[in-house]
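Scroll down for the structure; my scribbles are underneath it.
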Amino acid sequence: MVGTPAYFFPPFAALRALSLQRVPYPMPRYNPSQIEAKWQAYWEENQTFKTAEMPEGEKLYVLDMFPYPSGNGLHVGHPEGYTATDITCRFERMRGKSVLHPMGYDAFGLPAEEHAIKTNTPPRESTEKNIANFTRQLKMLGFSYDWSRSLATTDVGYFKWTQWIFLVLFDTWFDTEKQQGRPISELPIPAEVTAEGEVAEAKYRDEHRLAYLDDALVNWCTDLGTVLANEEVIDGRSERGNYPVQRIPLRQWMLRITAYADRLEHDLDDVNWSDGIKKLQRDWIGRSTGAEVDFFTGGAEQFEDWKQSRATSGFPAKPTNDTLRVYTTRPDTLYGATYMVIAPEHPAVESLTSDEQAAAVKAYCEKASFKSDRERTEDTKSKTGVFTGAYASNPVNGAQVPIWVADYVLISYGTGAIMAVPAHDERDFEFAKEYEIEIIAVVDPGDRKGVDREEVLAGNRCFHGLGLAINSGQYDGTPTAEFKESIRESLARQGLGASAVNYKLRDWLFSRQRFWGEPFPILHELDEDGNATGVIRGVAEEDLPVDLPYLEDYKPHGRPEPPLAKADDQWLYPVIDGKRYRRETNTMPQWAGSCWYYLRYIDPHNEDCFVDPAREQAWMPVDLYIGGAEHAVLHLLYARFWHKVLYDRGHVTTKEPFQRLVNQGMILGEMEFTAYQDEMQNWVGVNQVSRGDDGLFRKEDGSEVQPVKLTEDQVAKKGDTFVLADHAEVRVDGRSFKMSKSRGNVINPDEIVDGYGADSLRLYEMFMGPLTATKPWSMSGVNGVKGFLDRVWRMIVNDRAESLELNEAVADVEADAEALKVLHKTIQAVTRDTENLDFNTAIARMMEFVNYFTKQESRPKNVLQSFVLLLAPYAPHIAEELWELLGAETTLAYEPWPECDESLLVESTIEIPIQIKGKVKSRISVAADISKDDLEQAARDDEKMQQLLADSEVIKVIVVPGRLVNFVIR
RNA sequence: GGCCGAGUGGCGGAAUUGGCAGACGCUCAGGAUUUAAAAUCCUGUGUCCGAUAGGACGUGCGGGUUCGAGUCCCGCCUCGGCUACCA
């Protein structure tokens, strides 16, 4: 494959074209398919990118977000981030760093399971097929991964350690005082629990583990007979079949991520991520401070007694039966609470509801159970609710406030109950308006812009800002902030309330009723009758992994129980020390495997340990992590959480896993122009058309119109809009859309590589624009960079020769000063831009280099060699080929990166613009190191300036040496 | 509704700290080469006025700061992404 003959066998089509020419022999033109295959084989044979176990010298860990190996293969979005990291890695290897750059697959997940159900084949089969295809595609792009470290989350040898980490979570409790996860054996157990015996102690421990069982709501679809993942539920109906989905409580594994909420938020300060992503994470964690307050529900006449008893007993840790506990961030508005709301799932619903209201409340709650949290919030316009018939006493003044059930209050946040202050909360205001509940203003906004004070005070408008207290008894006139403090103290003193912190972040629902995921390494103890005793234990480390059982049938069985429950008895009922157990049959969510894969890459084949401690210490943290913004919140938060637990338990040495994070932008489809036509084929402008809920396009009068795709030459630009070229009054919609199968604008990397080569694809994706920007695809842009590589080739290769040989202009000569200046300017710019991930401008600089040297009759060989090294990270295949042609015998992957000699860049004379009132009027050439005064004088002496300044009075002169001269005239 | 990001030629985009707007590429036009085409090479390509020289305008819109604003400040508009009653 290697050697000259390759160039005599261009592809068949090219050969046929050539035969039509009178040229008697094929010429050595740039042929990506041949040189790319050649160098990929070379790298593989020579293990060019195999990374040493331990770094030698400075280390660099560069990580890509690993893909889910779908059946569709790679999308052009994947190579964007992967090329960026590859350039960085190749660049830094040449700068002498020890680079770790691995790749793997996030291979558990729904599509494989769906495929399995449909075809009744094991999901492992299709997964392995897809992985093979992804690997082929990634290799075809020439990425410098150390493939010997590749892994898939579905590898038994990998998920053994995912299970092991789960057991670490299971074995850990969170010490709030120390803000640290500690071994469960160190959990202090209260004396009263100990007194109840061992079972009570075990239960107490289980309640404090970071991995614990709890009843949580799942999406149960009766018609499909299965539990669905959130992403399979759309608008409260199943994605498949469009059946209703109900939320039912089911015993679920939860991970106590909320315990780490503060640290997850705080430690964001220490990482180099964009402010946008940090903010997304902070908002997701959603820390808020306020107070929990108890409202007495035992009747107005008992209220004073209750208050008395609270004054002595203090605020109980758990609310008693005769109280309703709420969480509020605005305890200062307590006097304005005119009703209360509890969530439909609140445990007190039944006990609070009066007989008259029972039927209405029951019906309401049932209806609510069919809606997801998301769906409940969808029809934001009107709020619904139903009165329970009960009242509570406002702790500050004993006022009787009605208690309602409404689904705008969520059971999963705070206490699942609120005090409603319609005057100062938009949602409560809306609800109060709907049900004609009293609105009492208790915050005086004062006179401020955009607030109608009178309306607020009259209860006709809601105001949620800060102000001075009114209608609040002794507190009248107190500023909001101060009021908050003092009432919190007062409530605490009286045992009526306590300061509280809440998070939007919920504990992580970690189990799925699915087959294609990691089994939990958990056993449930059974009694003699085969019933669960409630005692659970982890599988012993030496018994890991718990592999997935073989299942004959993957179809749902109609009970809300996971598919693994259909496994045979041998798998399902292990016996240990004579005791019979039932295995946990839930599986872990897809997120699990991606929570720690970056650690396994460091030591992927270790069978004794999830990662060797010395290697972990040497390689961590990840220095650069690049991936899509769709993982900005969940994946990164989950992975950080696991990492912190591992840190607390001494298994890793860094607090944060990912030091620097960069999100690549989305690649959109090619620009599309659309206009519309009515049934008479008359053109209708885009500004007259709207898209209905049914997806059809209509004119304002309701008549339907058809979208018509236009070609570029049918369209003209008029002002800042597009119009039809021959009907300038018809406006055309010109935009790029997300790539999607249904739109038919998906670009397949295989086809680009076939037509232009991997180097062109890599280069184009980097040349499109800034890495982080959203940018539209353009086929002619791909062709453009291919043209650049063609010019690079011809700059060095004589493509008119009979065989592969250097261009006659390439000579073993000393470069002149100008050639050196061009080279070193290029080195400087490409180095700086590559460091900053400004790949698009680095490529532009290389194009300038080629434009210059293509015109030169004499091209010094050593200058071209340096250039080829600069090109190598971007277009490694052509670079290797040219490097070889220029005389090298081995890969350039570890050649030292060219150094910029700044002394060669010094200009002796520079051109300085001369402005009058900020507008450039002339230019002069001066010595680069000219003094300020001399520069001004030179500007005044300029012939053109003399004319222009002749009749005017110069009132000021701005002179910036090396930059410009600006005359301010009257 | 909230948050984040972005608006620069026909298109993608460039422009260290406020200092020559439009680098580089695409597209298009003209030319060279060719029997012809493709490929290649050369020239031009923001808008308007002008035969040319040259001039005026110009970074979404309206204001402001400055000798000087694509860049900074205030107020809007449009587009994209994320998010969705968190008390």
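Chain identifiers are assigned alphabetically (A, B, ...) following the order of the sequence lines, protein sequences preceding nucleic acid strands; residue numbering begins at 1 within each chain. These numbers come from a predicted model, not from an experiment.
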Legend entry - Pair A:Asn502, A:Ser288: side-chain N/O donor-acceptor within cut-off below 3.5 Å: no

Inset, instruction - Indicate whether any N or O donor in one side chain lies under 3.5 Å from an N or O acceptor in the other, for A:Ser412 and A:Arg506. - result: yes

Legend entry - Salt-bridge present (A:Lys825, A:Glu848; N to O < 4.0 Å): no

Legend entry - Salt bridge present between A:Lys383 and A:Glu434 (N-O < 4.0 angstrom): no

Measure from the side-chain heavy atoms of [X] and tell me the nearest of [options].
| X | options | value |
| --- | --- | --- |
| A:Arg794 | B:rA23, B:rU40, B:rG13 | B:rU40 |
| A:Ser780 | B:rC67, B:rU83, B:rU27 | B:rU27 |
| A:Thr841 | B:rC85, B:rC24, B:rA14 | B:rA14 |
| A:Trp284 | B:rU83, B:rA23, B:rC41 | B:rU83 |
| A:Thr328 | B:rG25, B:rA87, B:rC42 | B:rA87 |
| A:Lys921 | B:rA84, B:rC24, B:rA56 | B:rA56 |
| A:Thr329 | B:rC67, B:rC24, B:rA87 | B:rA87 |
| A:Lys383 | B:rC85, B:rC4, B:rG12 | B:rC85 |
| A:Phe767 | B:rC42, B:rA14, B:rG25 | B:rG25 |
| A:Arg845 | B:rA23, B:rA87, B:rG19 | B:rA23 |

How many whole angstroms separate atom [atom1] of [X] from atom [atom2] of [N]?
| X | N | atom1 | atom2 | answer |
| --- | --- | --- | --- | --- |
| A:Met419 | B:rA87 | CE | P | 12 Å |
| A:Lys278 | B:rC3 | NZ | P | 20 Å |
| A:Ile277 | B:rG5 | CD1 | P | 11 Å |
| A:Arg800 | B:rC41 | CZ | C1' | 10 Å |
| A:Ile916 | B:rG19 | CD1 | C1' | 16 Å |
| A:Asp833 | B:rA23 | CG | P | 17 Å |
| A:Asp283 | B:rC85 | CG | P | 14 Å |
| A:Ile924 | B:rG19 | CD1 | C1' | 15 Å |

Need the pair for [N]. Rule: Watson-Crick or G-U wobble, both distances under 3.5 Å, any strand; none if unpaired.
| N | answer |
| --- | --- |
| B:rA21 | none |
| B:rU40 | B:rA32 |
| B:rG1 | B:rU83 |
| B:rU78 | B:rA6 |
| B:rG70 | none |
| B:rC57 | B:rG46 |
| B:rU16 | none |

Legend entry - 5′-ward residue of the pair A:Lys279/A:Gly918 relative to RNA chain B: A:Lys279

Legend entry - For the student: nearest non-hydrogen atoms of A:Leu509 and A:Ala216, plus distance: CD1-CB, 4.0 Å

Legend entry - Which atom of A:Val785 lies closest to which atom of A:Ser760, heavy atoms considered: CG2-O, 3.5 Å

Inset, instruction - Using a 90° cut-off around 0 for syn, call B:rG9 syn or anti. - result: syn

Could you go through nucleotides 78-82 of chain B and list every protein N or O atom that sits under 3.5 Å from one of its N or O atoms, giving the distance for each pair?
residue, atom, partner, partner atom, Å
B:rG80, OP1, A:Arg735, NH2, 2.6

Check every strand shown and say whether [X] touches a base, only sugar-phosphate, or nothing at a heavy-atom separation below 4.0 Å.
| X | answer |
| --- | --- |
| A:Glu426 | nothing |
| A:Asn840 | sugar-phosphate |
| A:Asn851 | sugar-phosphate |
| A:Ser288 | sugar-phosphate |
| A:Gly784 | sugar-phosphate |
| A:Arg282 | nothing |
| A:Lys786 | nothing |

Inset, instruction - Please assess A:Thr674 against A:Asp733 for the test side chain to side chain donor-acceptor pair (under 3.5 Å), listing each intermediate value before the final yes or no. - result: CA-CA 5 Å; A:Thr674 317; A:Asp733 187 27; 4.9 Å; no

Inset, instruction - For the pair A:His631 and A:His635, name the ring-plane relationship: parallel under 30°, tilted 30 to 60°, perpendicular over 60°. - result: perpendicular

Inset, instruction - May I ask you to decide if the ring planes of A:Tyr408 and A:Phe431 are parallel, tilted or perpendicular, using 30° and 60° as cut-offs? - result: tilted

Inset, instruction - Determine yes or no for a side-chain-to-main-chain donor-acceptor pair under 3.5 angstrom, with A:Asn807 supplying the side chain and A:Arg794 the backbone. - result: yes

Legend entry - Span that lies between the P atom of B:rU83 and that of B:rC76, in whole angstrom: 27 Å

